[in-house]
Q: 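Once you've had a glance at the structure underneath, I'll fire off some questions.
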Amino acid sequence: MSFLGLLGGSAKSSVDLAELQRKNSQIQYDEIQKVTSSVLGKTELRPKLGIICGSGLGGLANEVKDSQVIPYAEIDGFPKCTVPGHAGNLVLGYLSGVPTVCMQGRLHFYEGHPAWLVTMPIRMMKLIGVETLIVTNASGGLNQDYNSGDIMVIKDHINLTGLTGQHPLVGPNDEKFGPRFPAMTTPYDPELRQLAQETAKELGFSGFMREGVYVKVSGPSYETPSESRLLRSIGADTVGMSTAPEVVVARHAGMKVLGFSMVTNVVILEQDSDKTPPTHQEVMDTANARAKDLQLLVKTIVGKLASTL
Ligand SMILES: O=P(O)(O)O[C@H]1O[C@H](CO)[C@@H](O)[C@H]1O
Ligand SMILES: Nc1nc2[nH]cnc2c(=O)[nH]1
């Protein structure tokens with residue numbers, strides 16, 4: 001039996017396939033609507049700012065005042081968060097006076113979620129009124145000048161998995177969110193990046209602040225030395241398994257984005273090295289050790305932006 005036959009059709013089924021895709025798109029929209037309605041039904045707050053906390057960086061949510069904590073498990077349609085260091089809560093309240101929704105824990109493709117579902121919370125945020133997004137992550141430092149505990153303002157990313165087909169916007173385009181072919185020329189807002197660097201300087205953080213390029217891989221294995229050298233050679237300063245798809249979906253929907261990548265381990269580039277291989281425990285411990293500085297930085301930046309958000 002032909003492939004189309006297996007799908008339950010005949011030659012005519014190529015048309016049915018388009019219909020199937022349209023239905024999938026509608027199912028996705030319905031799922032996002034379900035999550036959005038569930039969240040709106042649990043809070044009076046209408047956030048303007050969204051934050052995503054990376055591995056071991058969930059403490060940022062504790063800076064949110066008058067907070068309401070909604071476990072993902074209590075939100076209709078919200079997927080499970082399975083990675084240690086990602087608590088799995090939506091925290092709503094005020095950060096430096098700005099109504100904020102904070103994801104204390106993100107979804108990753110390697111957990112088994114399809115690409116569109118990993119980024120579903122970004123569209124939920126858009127539907128509840130968020131126009132500015134701050135993303136954070138834990139990453140490996142490919143740039144050998146970087147140290148564990150450095151904070152890199154993300155100036156650009158390489159969505160390696162997106163470039164090779166695992167892209168969150170694959171499928172019929174939903175014009176309700178954005179155009180079929182969104183530009184990604186300035187994924188990370190230049191003014192916000194400048195504000196981040198100025199604020200870091202004022203706080204005395206210049207010694208561990210960086211600005212560079214993040215590359216997103218699938219994971220969950222960490223890189224071989226040859227893979228790491230490849231990633232370095234294409235211009236990446238840090239590597240991780242998240243963030244870029246979220247930013248693509250946020251930019252597709254017209255949101256402004258600021259991103260921070262915390263270097264939690266320096267990536268090993270040499271073969272047969274006697275350096276200690278990375279572990280997720282190391283990632284979380286290093287992130288935790290520097291988390292307070294990142295929290296103060298984000299809180300201060302948001303305070304400066306408050307009147308404009
Ligand atoms: O990107 P976040 O969620 O911060 O986490 C990073 O840390 C985990 C690996 O230790 C991976 O999930 C990687 O992407
Ligand atoms: N892919 C990848 N993700 C990380 N997250 C934290 N450290 C790393 C790393 O070295 N590689």
Side-chain angles (χ1 to χ4, degrees), residues 50-61 72 79-89 102-113 115 118-119 121-122 133-144 146-152 154 157-162 164 166 168 210 212-232 234 236-248 257 259-270 273 275-291 294-295 298:
I51 296 180
I52 304 179
C53 301
S55 288
L57 297 169
L60 190 50
Y72 295 161
K80 259 205 181 113
C81 208
T82 65
V83 183
H86 293 261
N89 297 317
C102 186
M103 285 181 69
Q104 200 175 34
R106 62 153 52 89
L107 306 168
H108 305 83
F109 180 79
Y110 63 74
E111 292 174 81
H113 310 299
V118 167
T119 53
I122 315 301
L133 180 68
I134 300 181
V135 288
T136 68
N137 65 53
S139 64
L142 294 162
N143 185 328
Q144 301 287 294
Y146 287 11
N147 301 304
S148 257
D150 283 356
I151 299 174
M152 184 183 88
I154 310 177
H157 68 225
I158 301 170
N159 184 14
L160 198 59
T161 53
T164 51
Q166 192 196 91
R210 309 284 187 168
V213 178
Y214 173 87
V215 62
K216 189 265 177 178
V217 296
S218 162
S221 55
Y222 295 110
E223 294 66 41
T224 67
S226 300
E227 287 166 348
S228 297
R229 287 198 301 274
L230 169 79
L231 298 174
R232 180 69 187 129
I234 60 171
D237 295 292
T238 63
V239 55
M241 309 172 196
S242 69
T243 306
E246 297 158 358
V247 174
V248 167
V257 179
F260 295 100
S261 188
M262 163 107 47
V263 180
T264 53
N265 53 290
V266 178
V267 165
I268 299 168
L269 299 182
E270 317 87 40
S273 166
K275 291 179 186 160
T276 313
T279 63
H280 189 57
Q281 191 58 51
E282 176 194 7
V283 167
M284 287 189 295
D285 290 347
T286 312
N288 274 317
R290 181 63 87 198
L294 184 60
Q295 285 165 216
V298 171

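Small disclaimer: the values here were computed from a predicted structure and weren't measured. In each ligand, atom 1 is the first atom listed, and ligand 1 is the first ligand listed.
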Q: Measuring only between side-chain heavy atoms, which start at C-beta, is Val247 closer than 4.5 Å to His157?
A: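 Of all side-chain heavy-atom pairs linking His157 with Val247, at least one is under 4.5 Å.
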Q: Quick check: Ala138 and ligand 1, any N/O pair under 3.5 Å apart?
A: yes
Q: Provide, to 0.1 Å, the distance between atom 8 (C) of ligand 2 and the closest protein heavy atom, together with that atom's residue and name.
A: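 That would be Gly140 N, 3.3 Å.
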Q: For a quick test of reading the model, state the closest non-hydrogen atom pair linking Val135 to Glu246 and the distance between them.
A: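 Nearest pair, atom of Val135 first, then Glu246: CG1-OE1, 3.9 Å.
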Q: Show the nearest heavy-atom pair for residues Pro121 and Met103, with the distance to one decimal.
A: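 Reported closest heavy-atom pair: CB-SD, 3.5 Å.
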Q: Among all protein heavy atoms in this structure, tell me which lies nearest to atom 3 (O) of ligand 1, with the distance rounded to 0.1 Å.
A: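 The closest one turns out to be His108 NE2, 2.7 Å.
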Q: Does the side chain of Ser261 come under 3.5 Å of the side chain of Ser139 through a donor N or O and an acceptor N or O?
A: yes
Q: Any idea which atoms of ligand 2 are less than 4.0 Å away from a heavy-atom of Met241?
A: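 Contacts of ligand 2 toward Met241, numbered from 1: 1 (N), 2 (C), 3 (N).
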Q: Search all heavy atoms of Val239 against all heavy atoms of Tyr214 and return the closest pair with its distance.
A: C-CE1, 4.1 Å
Q: For the residue pair Lys216 / Thr243, report whether a side-chain donor-acceptor contact shorter than 3.5 Å exists.
A: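 Result is no, nothing qualifies.
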Q: Give me the nearest non-hydrogen protein atom to atom 11 (N) of ligand 2 as residue plus atom name, then the distance to 0.1 Å.
A: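 I find the closest protein heavy atom is Glu223 OE1, 2.8 Å.
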Q: Under 4.0 Å, heavy-atom basis, I'd like to know which part of Ser139 is in contact with ligand 2: side chain, backbone, both or neither.
A: backbone
Q: Atoms of ligand 2 less than 4.0 Å from Tyr222 heavy atoms?
A: 2 (C), 4 (C), 8 (C), 9 (C), 10 (O), 11 (N)
Q: Are any of the N or O atoms of Arg106 closer than 3.5 Å to those of ligand 1?
A: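 Arg106 vs ligand 1: N/O contact under 3.5 Å present.
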Q: Starting from atom 14 (O) of ligand 1, locate the nearest protein heavy atom and write down its residue, its atom name and how far away it is, to 0.1 Å.
A: Met241 N, 2.9 Å
Q: Going by side chain to side chain contact (heavy atoms under 4.5 Å, CB included), Val215 matches just one of Leu230, Leu160, Thr161, Asn159. Which one?
A: Leu160
Q: With heavy atoms of Val217 as the reference, note each atom of ligand 2 found under 4.0 Å away.
A: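 Taking each heavy atom of Val217 in turn, ligand 2 has 1 (N) under 4.0 Å.
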Q: Distance to 0.1 Å, residue and atom name: give those for the protein heavy atom nearest to atom 1 (O) of ligand 1.
A: Ser242 OG, 2.5 Å
Q: Run the numbers for me: atoms of ligand 2, each under 4.0 Å from some heavy atom of Thr264, listed by number.
A: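 So the answer, numbered in order with elements, is 6 (C), 7 (N).
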Q: Could you tell me which atoms of ligand 1, counted from 1 in the order shown, lie closer than 4.0 angstrom to a heavy atom of Val283?
A: 7 (O), 10 (O)
Q: Which residue and atom name correspond to the protein heavy atom nearest atom 5 (N) of ligand 2, and how close is it?
A: Ala138 O, 3.4 Å
Q: Looking only at protein heavy atoms, which one is nearest to atom 7 (N) of ligand 2, and how far off is it?
A: Asn265 OD1, 2.7 Å
Q: Identify the closest protein heavy atom to atom 7 (O) of ligand 1: which residue and atom is it, and at what distance?
A: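 It is Ser55 OG, 3.2 Å.
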Q: Against ligand 1, does His86 come closer than 4.0 Å with any heavy atom?
A: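 Right, His86 reaches ligand 1.
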Q: Salt-bridge test for Lys80 and Glu111: reply yes if a basic N is under 4.0 Å from a carboxylate O, no otherwise.
A: no
Q: Find all atoms of ligand 1 within a distance of less than 4.0 Å from any non-hydrogen atom belonging to Asn137, and give their numbers and elements.
A: 1 (O), 4 (O)
Q: Does an N or O anywhere in Pro278 fall below 3.5 Å from an N or O of ligand 2?
A: no
Q: Can you tell which part of Val267 has a heavy atom less than 4.0 Å from ligand 2: side chain, backbone, both or neither?
A: side chain
Q: Which heavy atom in Tyr72 sits nearest to a heavy atom in Asn89, and how many Å separate them?
A: CE2-C, 3.3 Å
Q: How far is atom 12 (O) of ligand 1 from its nearest protein heavy atom, and which residue and atom name does that atom have?
A: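 Of every protein heavy atom, Tyr110 OH, 2.6 Å lies nearest to atom 12 (O) of ligand 1.
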Q: Find all atoms of ligand 2 within a distance of less than 4.0 Å from any non-hydrogen atom belonging to Val283, and give their numbers and elements.
A: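 Per the distance check, 6 (C), 7 (N).
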Q: Against heavy atoms of Gly54, which atoms of ligand 1 measure under 4.0 Å?
A: 4 (O)
Q: What I want to know is whether Ser221 and ligand 2 share at least one N or O pair that is separated by under 3.5 angstrom.
A: no
Q: Within the structure provided, determine whether Leu269 and Val267 are in side-chain contact (heavy-atom separation under 4.5 Å).
A: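 When only atoms from C-beta onward are counted, Val267 and Leu269 do touch, with a gap below 4.5 Å.
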Q: With a 4.0 Å heavy-atom cut-off (strictly under), which part of Val239 contacts ligand 2: side chain, backbone, both or neither?
A: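 The answer is both, backbone and side chain.
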Q: Would you mind listing which atoms of ligand 2 come within a distance below 4.0 Å of any non-hydrogen atom of Gly240?
A: 1 (N), 2 (C), 3 (N)
